[in-house]
2 protein chains.
Amino acid sequence: MEKSARRGPKPNMQMRERIIEAGLKEIHANGFAATGIQKIVDDIKVPKGSFYNYFDSKEAFGAEVSDRYSEQALARLVGFLADSDKPPLRRLKAYFDDRAASFALRGHTQGCVLGNFSAETVDHSELIRQHVAAHFSRWSEVIAACLAEAQRGGTLTSELSAGTLADFILNTWEGALLRMRAERSGAPLETFKQMVFDVLLHSKSH
Amino acid sequence: MEKSARRGPKPNMQMRERIIEAGLKEIHANGFAATGIQKIVDDIKVPKGSFYNYFDSKEAFGAEVSDRYSEQALARLVGFLADSDKPPLRRLKAYFDDRAASFALRGHTQGCVLGNFSAETVDHSELIRQHVAAHFSRWSEVIAACLAEAQRGGTLTSELSAGTLADFILNTWEGALLRMRAERSGAPLETFKQMVFDVLLHSKSH
DNA sequence: TAATTAAAGACGACCGGTCATATATTTATT
DNA sequence: AATAAATATATGACCGGTCGTCTTTAATTA
């Protein structure tokens with residue numbers, strides 16, 4: 001049985017992309033509840049009605065926005081961790097240094113979209129909760145792989161599982177971002193790096 | 001110079017209290033942006049217009065709600081840390097055990113009001129940001145005093161400053177709460193306790 | 001009585017979401 | 001090949017509801 005080919009105009013994927021990108025920008029800056037569909041479509045000069053040709057609801061759209069954010073962040077993380085010139089813990093530290101510098105440029109605002117969804121939305125949308133949880137898990141896995149490499153290389157003690165360490169580091173980073181925004185200061189990020197890299201992951205060969 | 005006595009009806013302080021308590025409950029459950037004034041006053045059968053007799057704006061009200069939450073949380077924290085039967089780190093652990101049990105009863109939802117404000121509101125309200133930052137600092141000071149006592153007692157190494165440790169622990173707790181909500185699981189809180197008490201604050205006398 | 005406050009509801013703006021209509025593209029029928 | 005039918009997107013008006021605020025009225029005291 002062959003499913004019938006679609007009819008009608010080609011779906012304008014470029015428009016779908018533009019809506020997601022505009023939504024990501026607005027939601028990152030203003031939060032999910034405070035961001036209206038109208039504002040998103042106004043940003044890119046698209047009529048409001050078009051939005052619902054591409055997304056079933058604001059909730060479904062939010063889930064896709066979280067997907068997009070996670071993809072971008074994960075790509076950057078993987079980019080840093082793939083730099084095989086450095087030892088694994090150096091690569092991980094370079095990533096957080098890069099993020100800290102980026103947040104400094106933004107005046108220590110906005111934080112992480114997944115963290116924002118976690119605080120604002122996950123209690124009220126099972127769909128978004130599942131997406132956010134899956135993205136966090138994926139990030140953690142990537143960090144855990146880096147830590148496991150350090151353990152195999154002997155620069156990190158193997159007493160603790162790489163997975164547990166990675167989860168803790170990720171959660172701790174999210175908490176540091178919250179405090180960064182409350183204080184409007186990079187100090188919490190510096191404390192994070194000091195505690196994680198100089199104490200928690202303290203190299204035996206140092 | 002004597003300031004003139006007030007005129008008009010007696011301010012109904014009981015009503016003010018009731019509005020703050022109702023607002024705290026709603027904002028904790030649904031977030032600041034998603035909580036309407038109407039919902040708050042409906043909860044306690046008060047006409048909407050009355051709200052603005054007691055508060056200049058939703059923003060000013062939010063700042064007071066954060067104050068109330070911080071007072072309550074701080075009172076509980078101080079209560080646990082004042083229990084002089086136990087050594088200081090045990091008292092601190094007992095507090096987090098209590099909070100973890102409380103969040104389990106709520107199905108691992110809602111989290112911390114200050115964390116929620118940090119994610120949702122501090123970028124857009126300098127007033128609320130200053131209140132939240134001050135409350136975090138106060139909490140951190142109380143934890144730092146407990147850690148300093150442990151350092152004086154020799155159960156905690158003094159290599160790191162109690163203040164830096166306290167900030168890190170507080171931020172890390174907030175991050176664990178975010179992850180708890182995303183996963184709807186107490187596991188991040190357990191990881192937090194393991195990492196903080198068994199690794200970071202690892203007692204020399206153990 | 002004059003001043004000052006709280007009580008209360010009206011208000012305009014905007015929200016997310018829906019719908020009717022118009023237009024564009026593909027398939028089915030001839 | 002021509003054309004009708006079917007199905008998709010494009011678009012903005014519109015819905016009930018809620019937003020934060022303001023204005024008016026009633027109450028209380030100097």
Side-chain angles (χ1 to χ4, degrees), chain A residues 1-20 22-24 26-27 29-66 117 120-121 124-128, chain B residues 1-20 22-23 26-27 29-65 117 120-121 124-128:
Chain A
M1 184 165 67
E2 186 182 3
K3 82 175 172 188
S4 64
R6 66 172 304 288
R7 302 185 189 190
K10 297 175 192 168
N12 188 342
M13 278 305 160
Q14 198 174 350
M15 166 141 322
R16 198 169 203 286
E17 290 299 300
R18 286 170 63 216
I19 296 175
I20 291 176
L24 174 54
E26 287 290 340
I27 288 170
N30 302 314
F32 185 65
T35 297
I37 306 299
Q38 189 71 63
K39 183 82 171 298
I40 294 169
V41 295
D42 283 355
D43 282 357
I44 51 176
K45 270 88 175 176
V46 166
K48 183 178 176 181
S50 293
F51 179 90
Y52 285 95
N53 293 330
Y54 296 97
F55 306 100
D56 289 342
S57 63
K58 192 190 184 189
E59 181 187 18
F61 177 69
E64 288 213 42
V65 164
S66 83
F117 271 121
E120 213 195 328
T121 314
H124 313 289
S125 166
E126 179 63 13
L127 175 68
I128 289 177
Chain B
M1 186 164 70
E2 186 181 4
K3 81 176 173 189
S4 64
R6 65 173 306 288
R7 302 186 188 188
K10 298 175 192 168
N12 187 343
M13 278 303 159
Q14 198 173 351
M15 167 142 321
R16 197 185 153 81
E17 290 297 301
R18 288 170 62 217
I19 297 175
I20 290 176
E26 287 290 339
I27 288 170
N30 301 314
F32 184 65
T35 297
I37 306 300
Q38 187 73 62
K39 184 82 171 298
I40 295 169
V41 296
D42 283 354
D43 283 356
I44 52 177
K45 271 88 176 176
V46 166
K48 184 177 178 182
S50 294
F51 178 90
Y52 286 94
N53 295 327
Y54 297 98
F55 305 99
D56 287 343
S57 64
K58 192 190 184 190
E59 180 187 17
F61 177 69
E64 287 213 43
V65 165
F117 271 121
E120 214 195 329
T121 315
H124 312 289
S125 165
E126 178 64 12
L127 175 69
I128 290 178

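Naming convention: chains lettered A, B, ... in sequence-line order (proteins, then strands); numbering from 1 in each chain. All values below were derived from every heavy atom in this structure, side-chain atoms included, with hydrogens, water molecules and symmetry-related copies excluded.
In this structure, the side chain of E120(B) does not engage the main chain of G31(A) through any donor-acceptor pair within 3.5 Å. A side-chain donor-acceptor contact under 3.5 Å links K58(A) to the backbone of T35(A).
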### From CA spacing to verdict: side-chain contact (heavy atoms from CB on, under 4.5 Å), N53(A), M15(A)
CA-CA 11 Å; N53(A) 293 330; M15(A) 166 141 322; over 6 Å; no

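Regarding contacts with the backbone of dT23(D), every side-chain N or O of Y52(B) stays at 4.0 angstrom or more from both OP1 and OP2.
In this structure, the CZ atom of R16(B) is 15 Å from the P atom of dT5(C), given to the nearest Å. Per the geometry, OH belonging to Y54(B) stands 4 Å off P belonging to dA7(C), to the nearest Å. Between the C1' atom of dT21(D) and the CD atom of E59(B) lies a distance of 14 Å, rounded to the nearest Å. Computed from coordinates, the K39(B) NZ to dC15(C) P distance equals 20 Å when rounded to whole Å. Across the protein-nucleic acid pair, F51(B) atom CZ and dT21(D) atom P stand 9 Å apart, rounded to whole Å. Regarding I44(A), its CD1 atom lies at a distance of 11 Å from the P atom of dA10(D), rounded to whole Å. One atom, NE2 of H124(B), and another, C1' of dG20(D), lie 17 Å apart when rounded to the nearest Å. In this structure, CZ of F61(A) is placed 12 Å from P of dG17(C), rounded to the nearest angstrom.
Each of dC19(D), dG16(C), dA7(C) was ranked by its minimum atom distance to the side chain of I37(A); first place goes to dG16(C). For N53(A), the listed nucleotide lying nearest its side chain is dT9(D); candidates were dA6(C), dT9(D), dG16(C). Which of dA10(C), dT9(D), dA8(C) sits closest to the side chain of P47(B) comes down to dA8(C).
To the nearest 0.5 Å, atom CD of residue Q38(B) and atom CD of residue E26(B) are 11.5 Å apart. To the nearest 0.5 Å, atoms OG (S57(A)) and CZ (F51(A)) are separated by 7.5 Å.
By the 30° and 60° cut-offs, the orientation of the rings of F117(A) relative to F32(A) is tilted.
Residues V46(A) and Y54(A) fail the side-chain proximity criterion, which asks for heavy atoms closer than 4.5 Å.
For the pair G49(A) and Q38(A), both in contact range of DNA chain C, the more 5′-proximal nearest nucleotide belongs to Q38(A).
With the end axes of the helix from dT1(C)-dA30(D) to dT30(C)-dA1(D) each set by five pairs, the angle from one to the other reads 10° at 10° resolution.
Counting atom types as modelled, K58(A) pairs no side-chain N or O with a base atom of dG17(C) as donor and acceptor under 3.5 Å.
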